[in-house]
**Q** 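Take this structure, written in structure tokens, and hold onto it; I'll ask about it next.
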Amino acid sequence: MVEIYEDDSARRKVVVAEDEALIRMDIVEALTDAGYDVVGQAANGDEAVDLAREYKPDVVVMDVKMPGKDGITAATEIAQENIAPVVMLTAFSQQSLVEKAADAGAMAYVVKPFVPEKLLPALEVAISRFDQINALKDEVTDMKARFEARKRVDRAKGLLMENMGLTESEAFRWIQKTSMDRRLTMQEVADAVIAQVEGDR
């Protein structure tokens, strides 16, 4: 069982959308055991979107195949409204569904039968990516500039991970903190990291 430390997970609210009741119960039990707070359960995409809007969870776990509004459509709506990151859960591992899930705005993808050791890290990755994207959105409003800033920050994160042994989240926090401390944009900090590291090679 993957454990999430209490101080990290106390604020983690989750909505679970899965039409198969037994699987939904297993997911809820695994999340609850790991310290997450399951604030809503849905059996279809319409319920999932409504619950996401109501509770503003930290993450939504969504089955791809559901009656009525499917998971892809529901994930698209949640992503467009920027409510929460979505982790897609499905028994189908076809590449086309993976691509559809990504296009819908899903931040992570887990193939059933799920195991906590795969599902729980996927939730944390999704939450981290969602937070990073929103931080850049707040900083850069123009879409083209935002895309370029994200590319540069991603490049700088990779260099920090490679050269300083940081995790992805630690590297992003380092860039974010440095930008605040020095009153620079995150892209300016990223550009400085890239120039310094690649200039030293």
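Residue numbers run from 1 in the order of the sequence given.
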**Q** Any chance you could measure T90, atom OG1, to M62, atom CE, to the nearest 0.5 Å?
**A**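 Rounded to the nearest 0.5 Å, the OG1-CE separation comes to 12.5 Å.
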**Q** Please name the pair of heavy atoms, one in P85 and one in M107, separated by the smallest distance, quoted to 0.1 Å.
**A**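 So the two residues come closest at CB-CG, 3.7 Å.
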**Q** What are the two closest non-hydrogen atoms of L166 and A171, and how far apart are they?
**A**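 Looks like CD1-CA, 3.9 Å.
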**Q** Can you tell me if T76 uses its side chain to pair, donor with acceptor, with the backbone of I72 under 3.5 Å?
**A**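 Between the backbone of I72 and the side chain of T76 there is a qualifying donor-acceptor contact (under 3.5 Å).
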**Q** Is the closest side-chain heavy-atom distance between L159 and E198 below 4.5 Å?
**A**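 SC-SC contact between L159 and E198 confirmed.
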**Q** Check the hydrophobic clustering (I, L, V, M, F, W, Y; side-chain heavy atoms under 4.5 Å; chains of links allowed) and say if M66 and M25 are grouped together.
**A**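 No, M66 does not connect to M25 through the hydrophobic network.
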**Q** Can you tell if the side chain of D154 reaches within under 4.5 Å of the side chain of K151, non-hydrogen atoms only?
**A**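 No, side chains not in contact.
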**Q** Report the C-alpha separation of D58 and V14 in whole Å, then their side-chain angles, then the decisive distance to 0.1 Å, and conclude whether the side-chain contact (heavy atoms from CB on, under 4.5 Å) test is met.
**A** CA-CA 6 Å; D58 294 291; V14 188; over 6 Å; no
**Q** Could you grab the distance from atom CG of D37 to atom OG1 of T32, nearest 0.5 Å is fine?
**A**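 That separation rounds to 8.0 Å.
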**Q** Can you tell if the side chain of E77 reaches within under 4.5 Å of the side chain of R53, non-hydrogen atoms only?
**A**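 Result yes, sub-4.5 Å side-chain heavy-atom pair found.
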**Q** For the hydrophobic clusters of this structure (ILVMFWY residues joined by side-chain heavy atoms under 4.5 Å, transitively), does one cluster hold both V193 and M164?
**A**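 As far as the 4.5 Å side-chain criterion goes, M164 and V193 are connected within one cluster.
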**Q** Taking the side chain from K13 and the backbone from Y55, do they hold a donor-acceptor pair closer than 3.5 Å?
**A**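 Checked: pair present.
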**Q** Is the shortest heavy-atom distance from the side chain of F172 to the side chain of L160 under 4.5 Å?
**A**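 F172 vs L160: side chains apart.
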**Q** Filter on salt bridge (Lys or Arg N to Asp or Glu O under 4.0 Å), then keep only pairs touching residues 182-191, sequence neighbours left out; what's left?
**A**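 Pairs touching residues 182-191 that pass the test: R152-D191.
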**Q** How close do V60 and A84 get, counting heavy atoms only, and between which atoms?
**A**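 Scanning both residues completely, I find the closest heavy atoms to be CG2-CB, 4.2 Å.
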**Q** Do you reckon L123 sits in the same ILVMFWY cluster as V125, going by side-chain contacts under 4.5 Å, direct or chained?
**A**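 Each belongs to a different hydrophobic cluster.
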**Q** With side-chain contact (heavy atoms from CB on, under 4.5 Å) as the test, would you mind laying out the steps for I83 and K56 before giving the verdict?
**A** CA-CA 6 Å; I83 298 171; K56 303 288 191 294; 4.1 Å; yes
**Q** Of all residues at least two apart in sequence or in a different chain, which pass the side chain to side chain contact (heavy atoms under 4.5 Å, CB included) check with F114?
**A**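 F114 satisfies side chain to side chain contact (heavy atoms under 4.5 Å, CB included) with D26, I27, A30, L89, V110, P116, L119 once adjacent residues are dropped.
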**Q** Within a strict 4.5 Å, meaning less than it, do heavy atoms of the K112 and E18 side chains meet?
**A**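 Counting from C-beta outward, K112 and E18 do come under 4.5 Å.
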**Q** In Å and rounded to the nearest 0.5 Å, what is the OG to CD distance from S128 to E170?
**A**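 The CD atom of E170 is 10.5 Å from OG of S128, to the nearest 0.5 Å.
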**Q** Short question: side chain of S179, backbone of Q176 - any donor-acceptor pair under 3.5 Å?
**A**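 Yes, because the side chain of S179 sits within donor-acceptor range (under 3.5 Å) of the backbone of Q176.
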**Q** Output the distance between atom CG (L136) and atom CG (D131), rounded to the nearest 0.5 Å.
**A**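 Here the interatomic distance stands at 11.5 Å.
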**Q** Walk me through it: do K177 and M180 pass the test side-chain contact (heavy atoms from CB on, under 4.5 Å)?
**A** CA-CA 5 Å; K177 184 176 186 305; M180 289 163 56; 5.7 Å; no
**Q** Verify the cluster assignment for V86 and Y109: are they in a single hydrophobic cluster under the rule of side-chain heavy atoms below 4.5 Å apart?
**A**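 Per the 4.5 Å side-chain linkage, V86 and Y109 are co-clustered.
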**Q** Check this for me, if you would: do D63 and R24 make a salt bridge, where the nitrogen-to-carboxylate-oxygen distance has to be below 4.0 angstrom?
**A**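 Looking at D63 and R24, the cut-off is not met.
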**Q** Hey, mind stepping through M88 and K100 against side-chain contact (heavy atoms from CB on, under 4.5 Å) and telling me if it holds?
**A** CA-CA 10 Å; M88 301 303 298; K100 280 185 180 178; over 6 Å; no
**Q** Once side chain to side chain donor-acceptor pair (under 3.5 Å) is applied, do any residues pair with E168, and if so which ones, sequence neighbours excluded?
**A**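 K157.
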**Q** So, do V15 and V39 sit near enough that their side-chain heavy atoms are less than 4.5 Å apart?
**A**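 Yes, side chains in contact.
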**Q** Between Y36 and L120, is any pair of side-chain heavy atoms under 4.5 Å apart?
**A**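 Of all side-chain heavy-atom pairs linking L120 with Y36, at least one is under 4.5 Å.
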**Q** To the closest 0.5 Å, what do you measure between CG (N44) and CG (D50)?
**A**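 One finds 8.5 Å between CG of N44 and CG of D50.
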**Q** Side-chain donor-acceptor pair under 3.5 Å between T178 and D181, yes or no?
**A**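 The criterion, which ignores hydrogens and geometry beyond distance, is not satisfied for D181 and T178.
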**Q** I need the minimum non-hydrogen distance between I127 and R12, along with the two atoms involved.
**A**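 Taking every non-hydrogen atom into account, CG2-NH1, 3.5 Å.
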**Q** Work out which heavy atom in Q41 is nearest to a heavy atom in L51; give both atom names and the distance.
**A**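 Between these two residues, the closest heavy atoms are O-CD1, 3.4 Å.
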**Q** Any heavy-atom pair between the side chains of P121 and E117 that's under 4.5 Å?
**A**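 They are not in side-chain contact.
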**Q** Which pair of heavy atoms, one from I175 and one from A156, lies closest together, and at what distance?
**A**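 So the minimum-distance heavy-atom pair works out to CD1-CB, 3.9 Å.
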**Q** Membership question, hydrophobic clusters at under 4.5 Å side-chain separation (ILVMFWY): are I23 and V38 in the same one?
**A**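 Yes; tracing contacts between hydrophobic side chains, which count when under 4.5 Å, links both residues.
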